[in-house]
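Let me begin by presenting the structure, written as structure tokens, before commenting on it.
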Amino acid sequence: MPIQISDDYHHQPIEQAAQEYWRAKQSFKVRAQPGKPKFYCLSMFPYPSGRLHMGHVRNYTIGDVIARFQRMRGKNVLQPMGWDAFGLPAENAALKNQVPPAQWTYENIAYMRGQLQQLGYAYDWDREIATCHPDYYRWEQWFFTRLFQKGLVYKKEAEVNWDPVDQTGLANEQVIAGRGWRSGALVERRKIPQWFIKITAYAEELLAALDQLDGWPERVRVMQQNWIGRSEGLEFSFEVAGSDERLTVYTTRPDTVMGVTYCAIAAQHPLALKAAASNATLAAFIKKQDNLKVAEADLATVEKEGMDCGIRVIHPLTGAAVPVWVASFVLMSYGSGAVMSVPGHDQRDFEFAHKYGLPIKQVIAPADGSAHDINAAPYVEKGRLVNSGAYDGLDFDAAFDALQTEFENRRIGSKQVNFRLRDWGVSRQRYWGAPIPIINCPACGAVAVPESDLPVLLPTDIEFDGSGSPIKKMRSFIDCACPHCGGAAERETDTFDTFMESSWYYARFACARHSDGMLNKDDVDYWLDVDQYIGGIEHAILHLLYARFFHKLLRDEGLVQSDEPFKRLLTQGMVLKDGAKMSKSLGNTVDPESMIAQYGADTVRLYMMFTSPPDQSLEWSDSGVDGAYRFLKRLWKVIGGFKATPVMLDTAALNAAQKELRLKTHTTIRKVSDDYERRQVFNTAIAAVMELYNELSKFLSAQDCQDGAQNQAVVQEAMQAMVLLLGPIVPHACHVLWQHLGHDAALIDAAWPEVDESALVQHKVNVAVQVNGKLRAVLELSADATHEALQAAAHADVTVQKFLEGLTVRKVIVVPGKLVNIVAN
RNA sequence: GCCCGGGUGGCGAAAUUGGUAGACGCAAGGGACUUAAAAUCCCUCGGGGGCAACCUCGUACCGGUUCGAUUCCGGUCCCGGGCACCA
């Protein structure tokens with residue numbers, strides 16, 4: 001159905017016609033075409049929460065703009081979409097609305113798919129994935145059993161937030177002021193057996209490879225680097241007085257060992273628990289530490305408290321008895337759960353020592369010989385050793401070496417590389433997730449479910465009462481035979497962390513319907529890696545680190561070839577309104593659907609791309625949307641009212657005004673191309689097209705555009721450029737306008753415009769003239785003026801002469817074609 | 001608390017490699033058209049001074065480097081993201 005170009009812009013028929021064209025032609029369905037350059041553009045898939053929010057619209061518009069741009073650049077572009085469909089909100093909704101999580105999730109998916117389609121995104125919908133579907137999670141289960149066989153997963157006791165009333169583990173966000181969100185019971189930390197994947201075995205590689213991720217934002221790389229937290233130090237042990245046990249600690253500052261005046265251990269440390277058995281006050285202190293949720297932010301901000309547990313350890317160098325304190329700030333999950341404390345040279349130890357009257361000893365002095373008052377503040381820099389007996393005078397490195405030798409000779413310590421990164425706990429005590437494919441046999445222990453028995457289906461015919469996962473009470477799910485010995489056994493009832501699903505979906509999109517294995521080699525080899533990944537900055541560490549890790553696991557299983565999954569990463573900022581993140585609880589949301597109904601998808605897309613650069617937060621403004629809408633109306637009117645004709649551009653026959661317009665057209669093409677490709681900022685690209693529009697308007701009102709073939713030619717060139725350059729952002733209107741400009745092929749199949757360098761040549765440029773760094777004149781001068789000519793012109797200017805009066809010129813700085821700065825006093 | 005960002009007109013922002021601060025848009029004010037309104041079009045639009053030419057101050061705050069700093073360095077304040085079970 002062809003669109004009638006009338007004077008008025010009506011988004012609805014335009015968007016319908018363009019979307020109908022793409023659907024009928026299956027424009028975005030792609031297949032691997034070996035030999036043809038590909039571009040895999042992926043936006044982080046959404047959790048199907050019910051309706052799209054503006055953050056989704058922003059994320060997916062950025063992705064769509066890049067995908068459509070790359071297509072016009074001649075690439076075979078894959079842009080898929082799917083659903084990160086397992087997770088907590090489905091369980092919450094089930095409780096609230098009495099709807100089973102599966103039903104709720106699939107209904108949300110259907111609704112949100114419709115919303116995405118209204119926005120005109122160039123997705124290959126034939127590759128749609130929902131991670132809660134057995135066709136997806138079966139391969140995740142299969143892969144976990146492979147890791148199990150390789151020894152890359154293990155089970156150990158680990159703490160969760162335990163709700164003693166509901167008898168279930170709680171997510172951090174379900175613990176409110178120390179209480180379970182539903183039961184209101186005081187939450188306690190409890191150890192339960194859980195599955196872990198050995199991400200620490202890949203810590204060194206995950207860290208080293210960050211250097212090669214040059215398509216990633218620097219800040220994301222730095223955050224991941226600090227998260228992995230590699231350090232080199234000395235691990236050694238103290239002899240526990242009156243016992244044959246030892247207390248192991250790790251330090252990155254072995255040069256300060258002589259300054260140890262106490263040791264600090266976690267409340268859950270075995271020595272602490274042992275001491276508490278015969279010390280009621282200590283037991284109470286330890287119990288108090290348990291009423292804190294399992295979140296580092298909570299632990300780190302809590303008041304630093306401690307108690308002498310009565311145990312003494314023997315200082316390995318001095319032989320002195322050193323007290324051992326139980327301290328709230330020592331985490332059992334880091335290292336050995338114990339630290340040596342050097343209040344003279346560590347801020348936290350210093351404050352703790354002050355609070356409890358523990359001795360402070362200076363063993364490091366500034367290397368430059370200056371004095372330092374150790375009772376006023378700790379000296380935390382590296383320096384020279386003092387008060388350290390045989391080690392006096394050594395610097396950090398020499399002291400490190402000497403201590404290392406000493407401890408190694410005595411077999412009480414060694415050099416150690418440590419990581420802050422901990423192994424990935426993947427067990428969740430929740431229902432709506434992929435079942436962990438393990439069977440616990442009383443005789444054989446934990447046994448992987450054999451491949452032929454996969455998938456372990458998550459039962460969906462369940463009663464959901466909120467007090468724990470229903471499958472934990474479902475004997476028909478639990479009871480099974482051991483695959484090894486055939487004896488009676490029990491199925492694991494925990495499900496996977498949902499980060500598991502989102503760690504490999506990018507690879508599955510290459511072969512979403514493949515049923516003979518996790519990944520299909522030919523498809524994966526063609527489409528991977530992801531050329532452009534787009535998502536929120538909030539995923540900078542966890543999701544992106546797990547996905548990088550998973551990629552390496554896939555590689556080592558022979559399923560993918562490369563070392564890293566995502567070549568280039570764009571982290572988009574949040575969508576705010578009235579200075580705060582849009583959220584239901586604040587009641588400041590703007591519904592994308594009503595915006596699309598009122599203004600159309602093109603306006604919403606244009607506004608979102610125009611109002612902020614993608615990596616910054618975006619402040620929503622209703623009148624800004626009006627502005628975007630007005631621009632589209634103007635664009636529609638001026639191009640729609642233009643009649644294209646076949647005419648040859650003759651660059652030799654142009655007058656000055658025509659040359660000016662061509663200059664603007666081609667500087668715009670150059671700038672916009674650079675903004676899309678290299679800088680990935682779309683607000684300035686749109687601003688540049690608006691400038692071209694303004695210049696074209698002036699040109700049209702100054703001249704009769706029917707006046708001569710060359711006028712027609714340069715106007716047509718400018719209009720074509722605007723439609724092509726805006727095409728990725730405003731695809732529907734541009735689709736129709738492109739046809740109107742006389743093209744048979746669709747805009748999505750048109751080539752990106754090329755810059756005509758000859759149109760860019762300028763004979764005159766504006767040169768700024770400064771006196772002592774202050775702007776005093778702007779001169780229009782020949783573009784190829786020499787240093788001398790620039791200087792002479794600057795000195796000849798009346799204003800410049802006025803400011804030089806009575807001064808002696810000391811120096812003249814000339815930046816050719818740009819600026820002259822006369823330094824005088 | 002720790003790690004990482006950000007702070008420029010009334011507002012969203014621009015200034016890409018240290019070189020003319022405020023492009024582009026919004027809002028506002030004035031004008032044209034209209035019986036009127038809407039829509040559209042034109043003009044003005046960082047603060048202070050001046051009839052004007054123009055001068056002066058100004059990029060969170062304090063200091064530094066430089067001929068020249070929104071940009072680089074040191075410090076401070078405020079806002080945001082993450083902190084391993086929200087996704």
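When all heavy atoms of A/V765 and A/A783 are compared, the pair lying nearest together is CG2-CA, 3.8 Å.
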Checklist entry - Can you give the dot-bracket line for RNA chain B, using ( ) for pairs inside the strand, [ ] for pairs that cross earlier ones, | for pairs with another strand and . for unpaired bases, where Watson-Crick and G-U count if both distances are under 3.5 Å? => result (((((((..(((......[....))).(((((.......))))).((((....))))..(((((..]....))))))))))))....
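Look at A/N683 and you'll find a side-chain N or O under 4.0 angstrom from OP1 or OP2 of B/rA14. Considering only side-chain N and O atoms, A/N226 lies under 4.0 angstrom from the phosphate OP1 or OP2 of B/rC4.
Residue A/Q616 has its side chain nearest to B/rA13 when only B/rU20, B/rU16, B/rA13 are considered. Listed nucleotides B/rA15, B/rG19, B/rU20 differ in distance to A/V815; the shortest reach to its side chain belongs to B/rG19.
The aromatic rings of A/Y505 and A/F45 sit parallel, their planes meeting at an angle under 30°, below the 60° perpendicular limit. Taking the six-membered ring where the residue is Trp, A/F329 and A/F352 present perpendicular rings, their angle passing 60° and hence far from 30°. Using the six-membered ring where Trp is involved, A/H56 and A/Y60 have ring planes that are parallel, under 30° apart on the 30 and 60° scheme. Using bins of under 30°, 30° to 60° and over 60° for the plane-to-plane angle, the ring pair A/F631/A/Y693 lands in the perpendicular bin.
Proximity of a side-chain donor or acceptor of A/D423 to a complementary backbone N or O of A/T200 within less than 3.5 Å is detected.
Applying the 90° criterion around 0 to the glycosidic angle, B/rG9 comes out syn.
Protein atom CG of A/D675 is 9 Å distant from nucleotide atom C1' of B/rU16, rounded to whole Å. A straight line from CE of A/M690 to P of B/rA14 spans 14 Å, rounded to a whole angstrom. When the C1' atom of B/rC26 is taken as reference, atom CG of A/L606 falls 13 Å away, rounded to whole Å. Between A/E305 atom CD and B/rG1 atom P the separation is 17 Å, expressed in whole Å. Atoms NZ (A/K818) and C1' (B/rU17) sit 9 Å apart, rounded to a whole Å. Summarising the geometry, the separation between CD1 on A/I686 and P on B/rA14 is reported as 12 Å, rounded to the nearest angstrom. Regarding A/Y599, its OH atom lies at a distance of 18 Å from the P atom of B/rG25, rounded to whole Å. With rounding to whole Å, A/M608 atom CE is found 13 Å from B/rA13 atom P.
Taking the salt bridge (charged side-chain N to carboxylate O under 4.0 Å, His left out) definition, one finds that A/D494 meets it with A/K472, sequence neighbours left out. Among residues two or more places apart in sequence or in another chain, the salt bridge (charged side-chain N to carboxylate O under 4.0 Å, His left out) test is passed with A/R189 by A/E159. In terms of the side-chain hydrogen bond (donor to acceptor under 3.5 Å, both in side chains) criterion, A/W162 has no residue partners (sequence neighbours excluded).
Of the P atoms belonging to B/rU71 and B/rA60, the separation is 8 Å, rounded to the nearest Å. A gap of 14 Å separates the C1' atoms of B/rA28 and B/rG46, to the nearest Å. Comparing B/rG64 with B/rG18, their C1' atoms are spaced 15 Å from each other, to the whole Å. Distance check on atom P: B/rU66 versus B/rC73 gives 16 Å, rounded to whole Å. For the P atoms, the distance from B/rA52 to B/rC78 is 43 Å, rounded to whole Å. Rounded to the nearest Å, the gap between the C1' atom of B/rG7 and that of B/rU76 is 14 Å. B/rC83 and B/rG75 have their C1' atoms separated by 26 Å, given to the nearest Å. Here the separation of B/rU59 from B/rU70, taken at their P atoms, is 7 Å to the nearest Å.
Judged as a salt bridge (Lys or Arg N to Asp or Glu O under 4.0 Å), the pairs with a partner in residues 680-694 of chain A (not counting sequence neighbours) are, in order, A/K664-A/E691. Counting only residues at least two apart or in different chains, salt bridge (Lys or Arg N to Asp or Glu O under 4.0 Å) contacts with residues 615-626 of chain A are absent. Sorted by first and then second residue, the pairs that involve residues 293-302 of chain A and meet salt bridge (Lys or Arg N to Asp or Glu O under 4.0 Å), not counting sequence neighbours, are A/E296-A/R420.
Atoms NZ and CG, on A/K802 and A/D797 in that order, are 10.5 Å from each other to the nearest 0.5 Å. In this structure, CE on A/M44 lies 9.0 Å from OG on A/S502, to the nearest 0.5 angstrom. Here A/W181 contributes atom CH2 and A/L170 contributes atom CG; the two are 9.0 Å apart, rounded to the nearest 0.5 Å. Here the straight-line distance linking atom CD of A/Q616 with atom CG of A/L576 works out to 11.0 Å at 0.5 Å rounding.
In this structure, A/P613 and A/N766 both approach RNA chain B, and ranking their closest nucleotides by distance from the 5' end singles out A/P613.
For an aromatic pair to be called close, the ring centres must be under 6.0 Å apart, and A/F86 with A/Y137 satisfies this. Taking the six-membered ring for Trp and the full ring otherwise, A/Y607 and A/W620 have centroids separated by under 6.0 Å.
Within residues 52-60 of chain A, no residue has any heavy atom under 4.0 Å from RNA chain B.
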Please enumerate all protein N or O atoms sitting under 3.5 Å from an N or O of nucleotides 56-58 of chain B, with distances to 0.1 Å.
from: B/rU56; atom 1: OP1; to: A/R776; atom 2: NH2; distance (Å): 3.4
from: B/rU56; atom 1: OP2; to: A/R776; atom 2: NH1; distance (Å): 2.8
from: B/rC57; atom 1: OP2; to: A/K774; atom 2: NZ; distance (Å): 3.0

Please list, pair by pair, any protein nitrogen or oxygen found under 3.5 Å from a nitrogen or oxygen in nucleotides 9-11 of chain B.
none

Checklist entry - Base, backbone or nothing for each nucleotide of nucleotides 39-49 of chain B, written B, S, -, heavy atoms under 4.0 angstrom, 5' to 3'? => result -SS--------
Checklist outcome for this item: The contact string for nucleotides 65-87 of chain B, one letter per nucleotide 5' to 3', using protein heavy atoms under 4.0 Å with B, S and - for base, sugar-phosphate only and none, comes out as --B------------SBSBBBSB
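Within the nucleic acid shown, A/V778 comes within 4.0 Å of at least one base atom, counting heavy atoms only. Using a 4.0 Å heavy-atom cutoff across all strands shown, A/K671 reaches at least one base atom of the nucleic acid. As judged by a 4.0 angstrom heavy-atom cut-off over every strand, A/D626 is placed among residues making no nucleic acid contact.
A salt bridge links A/K355 with A/E303: the closest approach of a Lys/Arg side-chain nitrogen to an acidic carboxylate oxygen falls below 4.0 angstrom. A salt bridge links A/E218 to A/R221: one of the charged nitrogens lies within less than 4.0 Å of a carboxylate oxygen.
Applying side-chain contact (heavy atoms from CB on, under 4.5 Å) to A/F803 and the options A/V800, A/T799, A/L807 leaves one that passes, A/T799.
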